[in-house]
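Okay, structure first, notes after.
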Amino acid sequence: MSEATGEQTQDVPPFRYTAALANEIERRWQDRWEREGVYHAPNPVGDLAEGEVPGDKLFVQDMFPYPSGKGLHVGHPLGYLGTDTYARYHRMLGRNVLHTLGFDAFGLPAEQYAVQTGTHPRVTTEQNISIMKRQLRALGLGHDQRRSFATTDPDYYRWTQWIFLQIYNAWYDKSQQRARPISELIEEFRSGKRSTPDGRPWDELSKAEQQEVLAGYRLAYLAEAPVNWCPGLGTVVANEEVTAEGRSERGNFPVFRKNLKQWMMRITAYADRLLDDLDRLDWPEKVKTMQRNWIGRSHGANVYFRSGEHTIEVFTTRPDTLFGATYMALAPEHPLVDELVTDAWPEGTDERWTGGKATPKEAVAEYRLATSQRSELDRQEAKEKTGVFTGAYATNPVNGKQIPVFIADYVLMGYGTGAIMAVPGQDTRDWEFAEKFGLPIIRTVQPPTEDFSGPYLDDGPAINSANDSGLDINGLGVEEAKKKVIAWLEDTGHGQGTVQYKLRDWLFARQRYWGEPFPIVYDENGIAYPLPEDMLPVELPEVEDYSPTTFDPDDADTEPSPPLAKAKDWVEVELDLGDGPRRYWRDTNVMPQWAGSCWYQLRYIDPHNDERMVDPENERYWMGPRPEIHGENDPGGLDLYVGGVEHAVLHLLYARFWHKVLYDLGHVSSEEPYRRLFNQGYIQAYAYRDARGAVVPAEEVEERDGKFYYQGQEVFQEYGKMGKSLKNIVTPDEMFERFGADTFRFYEMTMGPFADSRPWSTKDVVGAHRFLQRLWRLIVDENTGEVRVTDAEPTVEDLRALHKTIAGVRSDYDGLRFNTAGAKLIELCNYLTKHYGAKGTPRQLAEPVVLMLAPLCPHIAEELWSKLGHEESLVRGPFPEADEQYLVEDTVEYPIQVNGKVRSRMTVPADASEEELRKAALADEKIAALLGGAEPRKVIVVPGRLVNVVA
RNA sequence: GCCCCCGUAGCCCAAUUGGCAGAGGCAGUCGGCUUAAAACCGAUCGAGUGCGGGUUCGAGUCCCGUCGGGGGCACCA
């Protein structure tokens, strides 16, 4: 059986472009590229400078990969190949291109492995990085390797810590809308320009009191904050890491709200700028929308409702509906509830309001207990509105009406003021509540129809909205009505216009080992001290056990104890921080994984600089604003950032925040890190399950007549991510072995639009392979290995085909349309094969084809280029230019339509005027016959396209 | 529940942005090479654009409705 394969290979011509030959070529060129440093991009200054740099530059970046130990599947490199192709194209055009790839190497998998096996996470991480580097190298990526690093390198995280200190030592000056050094704030306090909270002079405050005041301003601050404590993991998790069911995304353990002292980042100070500057970015609209929703700015008003001697403050985005407020609802946790609740039910209290209790106090206590016992899941899934009356009434400021005050769990303490004015006429939740509790419903916006039922949420003229104190908004639209009501509230002292955000401050601490330690120590009184720059980096200590202390997953009354706390010798240090040698205790938290990826683009620019995070001159060159190219509003940043849409909110928002702080403090010249963002699609794959629902190996499934079979049994197709559990993984290594890297690259880049997700199909890869074989054969004799190009002059037809392709391919590469660029190259190759397959290709045609292919398939292109007699690598071009004279045709064939349907065709000179086209079309026999002598009503002439006769 | 994206040959995808529905690949069919085969070569077949309306001289493209697939957010006042 196996003998057959041996005979097969004997028949293959010795110099055919096979996988084996491809592999040999690829390895050889990868070695040469590395040896010659062809992808090195010079900097203006510093250790990577080589004299004058070209003014024309391009900074391309892929989203930071985590070096997983599992190795890559064919879906992973998609983005890297896209940026590589784009970068190569621009490098060939003569631009200075910065493209490299580092590793976001702190993270949980290595730490969990350490917990299980005792292997140091650094060991695992370094192994994984070297595996990944080998795979990336085999793809033929044109990275400047000198600029690669991992976030776990002390040389890198030294600067992550340094940036943390910059943020810690800064505050947000609202009047100037920018961050300033904390020292300037202290000076304002000291000089009395700004008064302290209790009015005492600054220097009379104790150190602890001063620190407490400053903590209210610092952009990185310690706060007793409600956090998501997960005893099962032994750590606190961010909101984003908690599932809708109130459990940890990882491990699926219960998560409890608990007050703990934690590092926070005051990202909310930047909410407006983060929102407004989205307009200056060249990003997918989808991602901008997601960020806008996440920041969630809403304009509205805070309104004061008097209830006895208390004032209940509510936030509303619809102050125009104030006349329709028929009750109030407070979050059950609202602090005012205890004060408001009355001893007895007012006379005639509706039974539905009492929760079946004898007094409001009992009802409130009961309801609060019930609420606290319900899980997040229950509260979210509950469709039925619940609540109880507090016994208290409040006064609606616009009309003096007394309205009942309820507590209800659909009101959240964490949003707005934790209290709402309920307007059933214009709010679905309030409507449902009002119906259930028999509360009045007053419409204050006119619905479009008389028989409209339910709450009306859209715009319309205000009704029932006027009082005797000078407020009348009847007839006004929502926006105008809002403005007028806000003005009235402010004039009369009943409220004021405000802005609310959904965005919360960023919880910036993890109780883990494998992360950046904080450059902070505490004295015996718990006062925090930032370490001076010369004590950086604070390196991770060795520990015997990498796990945080975990607890019974259901025990909410436990406290975090991070692994670093176990390194006693490291935690307790004697330092001289200016007050002489004293004893301090290190912070035992580490930074979250986002920290390292918030600023890595800056380090790519100046990876070895040990004086600064990045030299300003280098930063300005690679990232500075270029208004002359990108318009006067250009914020600067990367020229192209490519990655999956899954990072639309968190990573991209956090990185923008850090970058803006660094900009405010004068460390960078760009206002945004990523000028242009592109989300590549995902490569997915089919998977198959048998009748029992068990997954079967996708590779062994056969298709017959639209049905699928595995070992003779019918199986059923589904579509999803590549992964072990679906048994549908295909690896780049398999593809290299069967076809070579260039074939793999070409297939992956041309199987569909870069932005779209699409299914992998191994059987289709052969198409790309055949194309490269054909192209190879145009230039190399398969039997002798000799170059078979000729000095023959190409025909005009040849040149038309060539230059049309050049123009198309250029614009496709520019627009990241690699699939259509590839199709155009195949088309040209097929044309050449047809005309010259038998007699050898004119050099004038062969060379441009090779050059145009180079961004997609660099190895085979280099090999052919060198066979064509060029000693220099084609990495820096040239790239063919289209000659206009071959792009215009002498004659054009026009379709002639009658009433939009093609009825005839004509060939006319390309420069025919509209009038000539019109005459020629009407003179056409078939058209004349169809018109039957009648005058056409209208003739539409679209130059270059068609003529349409309207009969 | 709300928001966003996508439905074009058996399959993956093009279509100068409102102007002749097909560039390219896979599969199929026919032929060549071969004792035979194909991860070889050549030729060829194939959809009126998910469905229903509308605007227009003209709609895959714009608008409305609907069905299907994917993604994001979610008692956010």
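- Salt bridge absent: R800(A) and E797(A) never bring a charged side-chain N and a carboxylate O closer than 4.0 Å.
- Rounded to an integer number of Å, the gap from CG of L828(A) to P of rA23(B) is 16 Å.
- A gap of 10 Å separates the C1' atoms of rU49(B) and rA9(B), to the nearest Å.
- Under the Watson-Crick or G-U wobble criterion, with both distances below 3.5 Å, rC2(B) is paired with rG72(B).
- The side chain of T317(A) lies closest to rA77(B), out of rA14(B), rG24(B), rA77(B).
- Distances shown here put every side-chain N or O of N293(A) at or beyond 4.0 Å from the OP1 or OP2 atom of rA74(B).
- Listed nucleotides rC12(B), rA14(B), rC75(B) differ in distance to R429(A); the shortest reach to its side chain belongs to rC75(B).
- Ranking rC75(B), rC4(B), rC57(B) by closeness to the Y410(A) side chain, first place goes to rC75(B).
- Side-chain atoms of V766(A) lie closest to rC40(B) of the nucleotides rC76(B), rC40(B), rG58(B).
- Nucleotide rU66(B) carries an anti base; the chi torsion (O4'-C1'-N9-C4 or O4'-C1'-N1-C2) is more than 90° from 0.
- Straight-line distance from the CD atom of Q500(A) to the P atom of rA77(B): 9 Å, rounded to whole Å.
- On the P atoms, rG68(B) is 26 Å away from rC75(B), given to the nearest whole Å.
- For the pair I826(A) and I940(A), both in contact range of RNA chain B, the more 5′-proximal nearest nucleotide belongs to I826(A).
- Looking at heavy-atom distances under 4.0 Å, R777(A) makes contact with sugar-phosphate atoms alone, never a base.
- What separates CG of N302(A) from C1' of rA77(B) is a distance of 11 Å, to the nearest Å.
- Side-chain atoms of V950(A) lie closest to rC57(B) of the nucleotides rC57(B), rG24(B), rA77(B).
- Residue T833(A) is classed as a sugar-phosphate contact, given heavy-atom separations below 4.0 Å to backbone atoms only.
- In this entry the base of rG50(B) is anti relative to its sugar, with a glycosidic angle more than 90° from 0.
- The pair R758(A)-E748(A) does not meet the salt-bridge criterion, since no charged nitrogen lies less than 4.0 angstrom from a carboxylate oxygen.
- Annotation: E884(A), atom CD; neighbour count of heavy atoms from other residues, nucleotides and ligands within 6.0 Å does not exceed 12.
- Using cut-offs of 30° and 60° on the angle between ring planes, the pair Y813(A) and F818(A) is tilted.
- When each of rC57(B), rC76(B), rC26(B) is scored by its nearest atom to the side-chain atoms of K763(A), the top-ranked nucleotide is rC26(B).
- Heavy atoms of L946(A) sit under 4.0 angstrom from at least one base atom.
- The side chain of K286(A) lies closest to rC4(B) when the candidates are rC75(B), rC20(B), rC4(B).
- Heavy atoms of S761(A) sit nowhere under 4.0 angstrom from any nucleic acid atom.
- For rG7(B), the paired base is rC67(B) (Watson-Crick or G-U wobble, both distances below 3.5 Å).
- In this structure, D756(A) and T289(A) both approach RNA chain B, and ranking their closest nucleotides by distance from the 5' end singles out T289(A).
- Rounded to a whole Å, the CD atom of E313(A) is 17 Å from the P atom of rA77(B).
- No engagement by D430(A) is indicated, since no non-hydrogen atom pair under 4.0 Å with the nucleic acid exists.
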Take F433(A) and Y327(A) through the ring-ring contact (aromatic ring centres under 6.0 Å, His included) test and state the conclusion after the steps.
-> CA-CA 10 Å; F433(A) 192 90; Y327(A) 71 99; 5.1 Å; yes

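- Pairing for rA36(B) is absent, with no Watson-Crick or G-U wobble pair whose two atom distances lie under 3.5 Å.
- Nucleotide rA43(B) has rU29(B) as its partner under the Watson-Crick or G-U criteria, with both atom distances under 3.5 Å.
- Using a 4.0 Å heavy-atom cutoff across all strands shown, R16(A) reaches sugar-phosphate atoms only and no base atom.
- Going from the C1' atom of rU55(B) to that of rC3(B) covers 27 Å, rounded to whole Å.
- You'll find the side chain of M328(A) stays beyond 4.5 Å of the side chain of P404(A), heavy atoms only.
- Dashed line: the shortest gap from a side-chain N or O of N819(A) to OP1 or OP2 of rA14(B) is under 4.0 Å.
- Among the atoms of the strands shown, base atoms are found under 4.0 Å from some heavy atom of Q897(A).
- Residue F678(A) comes nearest to A755(A) through the heavy atom pair CZ-CB, 3.7 Å, listed as atom of the first residue, atom of the second, then distance.
- Note on E893(A): a base of the nucleic acid sits closer than 4.0 angstrom, heavy atoms only.
- Among the atoms of the strands shown, only primed sugar atoms or phosphate atoms (P, OP1, OP2) are found under 4.0 Å from some heavy atom of S757(A).
- Separating the CG atom of D812(A) from the P atom of rA23(B) is a distance of 16 Å, rounded to the nearest angstrom.
- Following rounding to the nearest Å, R758(A) (CZ) and rC26(B) (C1') show an atom-to-atom distance of 15 Å.
- Residue V942(A) is in base contact, counting any heavy-atom pair closer than 4.0 Å across all strands shown.
- One finds no side-chain N or O of R292(A) lying less than 4.0 angstrom from the OP1 or OP2 phosphate oxygen of rC73(B).
- With hydrogens and angles ignored, no donor-acceptor pair closer than 3.5 Å exists between the side chain of D764(A) and the base of rC26(B).
- Rounded to an integer number of Å, the gap from F818(A) CZ to rA14(B) P is 14 Å.
- Within the 4.0 angstrom heavy-atom criterion, only backbone atoms of the sugar-phosphate kind lie near R770(A); the bases stay farther away.
- rC12(B) sits 35 Å from rA74(B) when the C1' atoms are compared, rounded to a whole Å.
- Residue K926(A) qualifies as open at atom NZ: its count of foreign heavy atoms under 6.0 Å is 12 or below.
- With P as the reference atom, rA38(B) and rG28(B) are 10 Å apart, rounded to whole Å.
- Nucleotides rG42(B) and rG53(B) are separated by 46 Å at their P atoms, to the nearest Å.
- Comparing the same atom, P, in rG31(B) and in rC67(B) gives a spacing of 50 Å after rounding to whole Å.
- Within a 6.0 Å sphere centred on CD of E24(A), heavy atoms belonging to other residues, nucleotides or ligands number more than 12.
- rC13(B) sits 8 Å from rG24(B) when the C1' atoms are compared, rounded to a whole Å.
- Within the shown strands, rG22(B) is the pairing partner of rC13(B) under the Watson-Crick or G-U definition, both distances less than 3.5 Å.
- Picking from rA77(B), rA14(B), rA39(B) the nucleotide with the shortest atom distance to the side chain of T820(A) gives rA14(B).
- Atom-to-atom, CZ of F771(A) to P of rC41(B) comes out at 12 Å; the value is rounded to the nearest Å.
- By the 6.0 Å contact criterion, NZ on K288(A) is enclosed, its count of non-hydrogen atoms from other residues, nucleotides or ligands being greater than 12.
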